[in-house]
Amino acid sequence: MSRKYLIAGNWKMNKTASEAADLIREIHAAVGSQTTVQVCVCPPFTSLAAASELVEQSEIILGAQDMSPHASGAYTGEISAEMLRDLYVGFVILGHSERRQYYGETNQSVNAKVLAAVQNNLKPIYCIGETLEEREAGQTLEVVRSQVREGLENFPAASVENLVLAYEPVWAIGTGKTATDEMAQEVHADIRKVLVELFGEGPGASVRILYGGSMKPENAAGLLAQPDVDGGLIGGASLTSRAFSGIVEAVLEA
Ligand code: PGA
């Protein structure tokens with residue numbers, strides 16, 4: 001089963017709209033015309049409109065960092081799937097560990113967002129991963145398995161091809177500590193098993209599982225060479241074209 005690599009930049013709360021436009025132009029010049037690796041940028045909501053016009057001329061796909069599970073109405077501060085679709089957003093990051101940690105998101109609340117995203121033809125990048133405490137207690141696989149099962153409850157079988165998972169060990173995010181290639185592969189292979197249980201052999205094998213957590217050009221090639229690592233969700237290194245494009249190039253050169 002061949003899965004196309006996806007390198008997605010999670011800009012988090014960084015860059016004004018004009019800074020975002022500059023960075024997208026640079027990324028476009030470096031890797032925006034190739035089609036071997038799918039490239040996605042996820043700027044803050046305030047930059048999506050400007051970004052949407054810029055990526056129109058390139059192969060870069062636009063992503064958002066969060067989304068409301070509700071369609072519309074009295075939800076102050078929230079952004080709906082329809083609003084994202086209207087700006088040609090293709091992917092939406094859901095259940096990032098920072099949202100779980102600081103905004104009380106749970107497998108159940110993220111599940112509602114994942115279902116709302118696919119119903120609206122947005123591709124969810126559903127994030128999972130264990131904390132350092134959980135890893136040290138030997139609970140990694142157990143934690144990740146229940147994040148996959150609970151977060152994907154009632155996920156429609158017909159939309160599995162639109163599903164992306166991101167395994168991001170919480171202790172590796174923004175810390176400079178990366179999972180070793182073997183550690184990442186062990187968890188990715190286990191996630192794959194759960195996906196096959198949930199959706200069957202073929203569909204389970206079609207889901208892309210990204211690795212996230214201090215991925216940079218220097219360590220990308222080793223991680224991305226693992227059989228079940230299908231791309232990266234990049235935080236810090238997505239904020240400069242040099243580092244982000246360097247990761248895309250690491251895949252192209254492999
Ligand atoms: P990092 O973040 O690359 O800065 O570790 C990854 C993420 O949080 O998605």
Side-chain angles (χ1 to χ4, degrees), residues 5-15 19-20 23 27 31 37-45 47-48 51 60-67 89-105 110 113-114 117 123-132 134-135 140 143-144 147-148 151 163-181 183-184 187-188 191 208-224 226 229-251:
Y5 278 106
L6 170 62
I7 302 294
N10 173 13
W11 295 10
K12 309 193 181 186
M13 196 172 71
N14 293 292
K15 311 249 176 231
E19 289 166 348
L23 179 52
I27 294 170
V31 292
V37 177
Q38 224 172 31
V39 175
C40 167
V41 293
C42 306
F45 290 131
S47 297
L48 287 176
I60 300 172
I61 304 167
L62 199 54
Q65 300 175 16
D66 186 28
M67 192 198 83
V89 168
F91 288 100
V92 58
I93 299 171
L94 295 172
H96 189 278
S97 69
E98 285 148 19
R99 300 224 45 99
R100 293 176 188 259
Q101 188 180 348
Y102 305 132
Y103 303 100
E105 295 198 3
V110 180
K113 296 183 177 194
V114 168
K123 298 184 170 76
I125 302 180
Y126 173 50
C127 302
I128 52 185
E130 82 288 0
T131 61
L132 183 58
E134 290 162 343
R135 174 159 285 268
T140 299
V143 167
V144 171
Q147 288 171 330
V148 175
L163 176 63
V164 177
L165 262 60
Y167 169 59
E168 301 202 302
V170 178
W171 48 269
I173 297 179
T175 57
K177 289 186 198 141
T178 326
T180 62
D181 302 345
M183 274 157 102
V187 181
H188 281 230
I191 294 169
R208 287 178 292 184
I209 309 172
L210 315 183
Y211 170 81
S214 299
M215 194 189 268
K216 41 186 187 271
E218 300 77 55
N219 60 24
L223 287 159
L224 294 165
Q226 301 304 308
V229 178
D230 307 311
L233 183 56
I234 324 295
S238 71
L239 296 175
T240 64
S241 169
R242 199 190 152 99
F244 186 64
S245 306
I247 295 173
V248 177
E249 279 152 9
V251 184

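Numbering of residues begins at 1 and proceeds along the displayed sequence. As the structure lists them, so they are numbered: ligands from 1, and atoms in each ligand from 1. In this text the structure is predicted, and so the values were computed from the model without any measurement.
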Can you list everything that forms a side chain to side chain contact (heavy atoms under 4.5 Å, CB included) with K123? Sequence neighbours excluded, please. F91, N162
Regarding E105 and R100, does a basic nitrogen lie under 4.0 Å from an acidic carboxylate oxygen? no
Would you please name every residue forming a ring-ring contact (aromatic ring centres under 6.0 Å, His included) with H188, sequence neighbours left out? Y167
Listed partners of V170 passing side chain to side chain contact (heavy atoms under 4.5 Å, CB included), at least two apart: S97, T131
Protein neighbours of ligand 1 with a heavy atom under 4.0 Å, given by chain and number, are N10, K12, H96, E168, A172, I173, G174, G213, S214, L233, I234, G235, G236
Exercise: do E130 and W171 side chains pair donor with acceptor under 3.5 Å: yes
Under a 3.5 Å cutoff, is there a donor and acceptor pairing between the side chains of Q38 and R208? yes
